[in-house]
Amino acid sequence: MALRHLRVLPHPLTNFTAKLSPNRPKHRVCFSLSASPIMASISRKVLVPIADGTEPMEAVITVDVLRRSGADVTVASAGNQLTVQALHGVKIVADAVVSDVADTTFDLVALPGGVPGVDNLRECGVLEKLVKKHVEDGRLYAAVCAAPAAVLGPWGLLKGVKATCYPAFMEKLASYTTTVESRVQLDGKVVTSRAPGTTMEFGVALVEQLYGKQKADEVAGPLVMRSNHGDEYVFAELNPVQWTTENPPKVLVPIANGSEEMEAVIIIDILRRAKANVVVASLEDKLEIVASRNIKLEADMLLDEAAKLSYDLIVLPGGLGGAQTFAKSETLVSLLKKQRENRYYGAICASPVLVLEPHGLLKGKKATAFPALCNKLSDPSEAENRVVVDGNLVTSRGPGTSIEFALAIVEKLFGRKLGLELAKTIVFTSP
């Protein structure tokens with residue numbers, strides 16, 4: 001067995017307890033003022049506005065994590081249409097348009113980043129009025145990536161607080177408030193964060209403010225988050241082979257009702273950033289699917305159409321309902337079996353166990369999967385690794401390992417240099 005950049009990782013919740021320690025490491029979640037979480041068993045109402053050009057990882061991760069806590073999250077389009085053309089070709093279908101919820105009282109408003117998404121959010125007069133009243137009423141608000149500097153700052157909502165944002169926007173942010181380089185920053189009623197690679201930490205921090213630390217820990221555990229935030233990504237590699245592909249590599253990402261939206265969007269977003277030709281195919285009878293936390297995504301084409309093409313790599317997101325649909329699809333299983341012969345394939349979370357294992361696609365292979373399902377792997381000997389590459393197969397564990405999974409794929413397709421560059425671009429590793 002050859003190991004690629006493998007380290008022993010501490011428990012995934014360490015970072016959230018460490019933030020209270022006076023000796024906490026640099027770049028951890030930082031609180032500059034104590035703020036009492038909203039402690040209640042009732043569902044908290046949250047608004048996540050999106051617009052054309054929104055960063056899809058930031059929007060989807062924020063919504064997914066908050067919905068896991070039981071929050072009642074409304075995804076609202078700042079434009080006139082429900083369907084939003086997010087960055088990297090990801091299409092998200094909102095629950096409402098902002099004008100529909102203008103008179104609704106929310107416990108939290110959280111703004112994703114992405115350019116020109118932040119410009120479109122800032123120019124939405126109805127949203128500006130809603131958020132300003134929300135802040136005046138003393139309610140919790142948050143923003144990630146470019147949004148603190150490009151939306152909250154110009155709206156005058158960062159005066160007298162410490163905030164962070166995407167590294168390239170720090171100078172702009174400094175014209176509105178005191179800047180800090182924390183991955184997640186809480187000051188009073190405002191929470192800010194840096195980029196796609198910090199958004200899961202951001203989401204868990206928001207859960208803590210809404211429901212308290214116990215609920216935040218309950219949500220964070222099943223995400224399989226890493227604790228060594230900022231470090232280089234790692235993976236275990238066995239039976240290493242050089243992956244040879246077309247230029248650019250052609251990748252199929254199937255999705256279905258019940259697919260895990262964080263896993264799907266992270267894979268699509270990062271591979272498209274690497275300039276892979278990614279085809280997103282729906283296994284339903286229409287392009288739109290409803291993912292596991294009720295985020296609606298729109299595929300590029302139906303699977304029957306996508307199956308007419310050939311791919312260098314087929315990679316399956318998890319999610320129980322989606323994985324079950326994958327396993328029942330004769331078309332997809334046939335594609336995967338052909339793929340195993342001389343191309344590349346991968347799966348994350350529930351899909352290694354529910355799709356690959358029963359169809360003989362893990363025979364003779366080492367793999368990992370969602371922790372609670374690993375006992376169903378025929379060979380779980382490498383299952384404790386967050387990402388496992390075995391020859392032409394790559395597998396991983398859950399939403400919190402999805403970025404590492406996608407970066408490992410980038411490395412196999414394009415080389416480690418690009419993987420490391422992308423990891424820094426999204427602030428998964430420290431810039």
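Leu47 contributes atom CG, which lies 11.0 Å from atom CG of Asp72 (distance to the nearest 0.5 angstrom). The OG atom of Ser310 sits 8.5 Å away from the CD atom of Gln339 when rounded to the nearest 0.5 Å. Here Leu336 contributes atom CG and Leu356 contributes atom CG; the two are 6.5 Å apart, rounded to the nearest 0.5 Å. In this structure, NZ on Lys308 lies 11.0 Å from CG on Leu303, to the nearest 0.5 angstrom. Distance check: Ser99 OG to Asn80 CG gives 7.5 Å after rounding to the nearest 0.5 Å.
The closest donor-acceptor contact from the side chain of Tyr166 to the backbone of Thr425 lies under 3.5 Å. Side chain of Asn120 to main chain of Asp52: a donor-acceptor pair is present (N/O by atom type, distance under 3.5 Å, no hydrogens or angles). Under the 3.5 Å distance criterion, the side-chain polar atoms of Arg272 are matched with a main-chain donor or acceptor of Gly89. Formation of a donor-acceptor pair under 3.5 Å by the Ser43 side chain with backbone atoms of Gly70 is found in this model. Using a distance-only test at 3.5 Å, with no hydrogens or angles considered, no donor-acceptor pair links the side chain of Thr395 to the main chain of Ile348. Within the 3.5 Å criterion, the main-chain N or O of Arg194 finds no donor-acceptor partner in the side chain of Gln185. No side-chain donor-acceptor contact under 3.5 Å links Arg386 to the backbone of Ala236. The closest donor-acceptor contact from the side chain of Ser351 to the backbone of Val355 lies at 3.5 Å or more, if one exists at all. For Arg139 (side chain) and Lys189 (main-chain N/O), no donor-acceptor pair under 3.5 Å exists by modelled atom type. Of the possible polar contacts, one joining the Tyr345 side chain to the Leu361 backbone as a donor-acceptor pair under 3.5 Å is found.
Geometrically, Arg226 engages Phe428 in a cation-pi contact, judged by NZ or CZ lying under 6.0 Å from the ring centre and within 45° of the ring axis. Cation-pi geometry between Arg44 and Phe106 is not satisfied (NZ or CZ under 6.0 Å from the ring centre, within 45° of the ring normal).
More than 12 heavy-atom neighbours from other residues, nucleotides or ligands sit within 6.0 angstrom of NZ on Lys132. Surrounding NZ of Lys296 are more than 12 heavy atoms belonging to other residues, nucleotides or ligands, all under 6.0 Å away. Heavy atoms from other residues, nucleotides or ligands lying under 6.0 Å from CD of Glu384 number 12 at most. At most 12 heavy atoms of other shown residues, nucleotides or ligands fall within 6.0 angstrom of atom CG in Asp103.
The pair Lys213-Glu208 does not count as a salt bridge, with every side-chain nitrogen at least 4.0 angstrom from each carboxylate oxygen. Look at Asp312 and Lys250 and you find no salt bridge, because none of the NZ, NE, NH1 or NH2 atoms lies under 4.0 Å from a carboxylate O. Glu218 and Lys215 are joined by a salt bridge, as a carboxylate oxygen and a charged side-chain nitrogen come within less than 4.0 angstrom of each other.
Under the 4.5 Å side-chain criterion, counting only non-hydrogen atoms from C-beta, Leu186 is in contact with Gln209. Side-chain atoms of Leu283 and Ile255, non-hydrogen and from C-beta on, never get closer than 4.5 Å to each other. Between Lys162 and Thr179, every side-chain heavy-atom pair lies at or beyond the 4.5 Å cut-off. Two residues are said to be in side-chain contact when any heavy atoms from C-beta on lie closer than 4.5 Å; Leu87 and Thr54 fail this criterion. The closest side-chain heavy-atom distance from Val161 to Thr178 is not below 4.5 Å. Residues Asp107 and Val46 fail the side-chain proximity criterion, which asks for heavy atoms closer than 4.5 Å. Residues Val131 and Trp155 form a side-chain contact, since some pair of their non-hydrogen atoms from C-beta on lies under 4.5 Å apart. Using a 4.5 Å heavy-atom cutoff, the side chains of His88 and Glu55 are in contact.
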Return a table of donor-acceptor pairs under 3.5 angstrom between the side chains of residues 316-327 and protein atoms on other chains or two or more places apart.
residue	atom	partner	partner atom	Å
Thr325	OG1	Gly321	O	3.2

- Query: What do the steps show when you test Ile409 against Val394 for side chain to side chain contact (heavy atoms under 4.5 Å, CB included), and what is the final call?
  - Reply: CA-CA 8 Å; Ile409 292 171; Val394 55; 3.9 Å; yes
- Item | Audit row: Ser193, Thr198, side chain to side chain donor-acceptor pair (under 3.5 Å) steps and yes/no | CA-CA 7 Å; Ser193 190; Thr198 68; 2.6 Å; yes
- Could you give me the CA-CA distance, side-chain angles and deciding distance for Met225 and Glu201, then say whether side chain to side chain contact (heavy atoms under 4.5 Å, CB included) is met? CA-CA 9 Å; Met225 295 171 67; Glu201 300 152 66; 4.0 Å; yes
- Start with the C-alpha distance between Glu261 and Ser292, add both sets of side-chain angles, then the distance that settles side chain to side chain donor-acceptor pair (under 3.5 Å), and finish with yes or no. CA-CA 7 Å; Glu261 45 268 81; Ser292 63; 2.6 Å; yes
- What do the steps show when you test Leu420 against Tyr233 for side chain to side chain contact (heavy atoms under 4.5 Å, CB included), and what is the final call? CA-CA 8 Å; Leu420 291 173; Tyr233 68 92; 3.9 Å; yes
- Item | Verdict with supporting geometry, Met57 and Arg273, side chain to side chain contact (heavy atoms under 4.5 Å, CB included) | CA-CA 12 Å; Met57 285 194 281; Arg273 285 171 180 260; 4.0 Å; yes
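Judged as a side-chain hydrogen bond (donor to acceptor under 3.5 Å, both in side chains), the pairs with a partner in residues 61-70 (not counting sequence neighbours) are, in order, Asp64-Arg68, Arg67-Asp95, Arg68-Glu260.
The two residues Ala306 and Tyr311 make their nearest non-hydrogen contact at O-OH, 2.7 Å. Closest approach of Leu152 to Ala143, counting heavy atoms only: CD1-CB, 3.5 Å. Pairing each heavy atom of Gly346 with each of Phe405, the nearest pair is C-CZ, 4.4 Å. For the pair Cys145 and Gly114, the tightest heavy-atom approach, listed with the atom from each and the gap, is SG-N, 4.4 Å. Taking both residues in full, the closest heavy atoms of Ala195 and Ile426 are given as CB-O, 3.2 Å, listed atom of the first, atom of the second, then distance. When all heavy atoms are compared, the tightest approach of Ala163 to Leu173 is O-CD2, 3.6 Å.
Under the side-chain contact (heavy atoms from CB on, under 4.5 Å) test applied with Leu140, the options Val135, Leu108, Val190 reduce to a single match, Leu108. Applying the side-chain contact (heavy atoms from CB on, under 4.5 Å) test between Leu297 and each of Ile289, Ile268, Val93, Val290 identifies Ile289 as the sole match.
Not counting sequence neighbours, Gln81 has no partner by the side-chain contact (heavy atoms from CB on, under 4.5 Å) test.
For Thr164 and Glu181, the side-chain atoms include no donor-acceptor pair closer than 3.5 Å.
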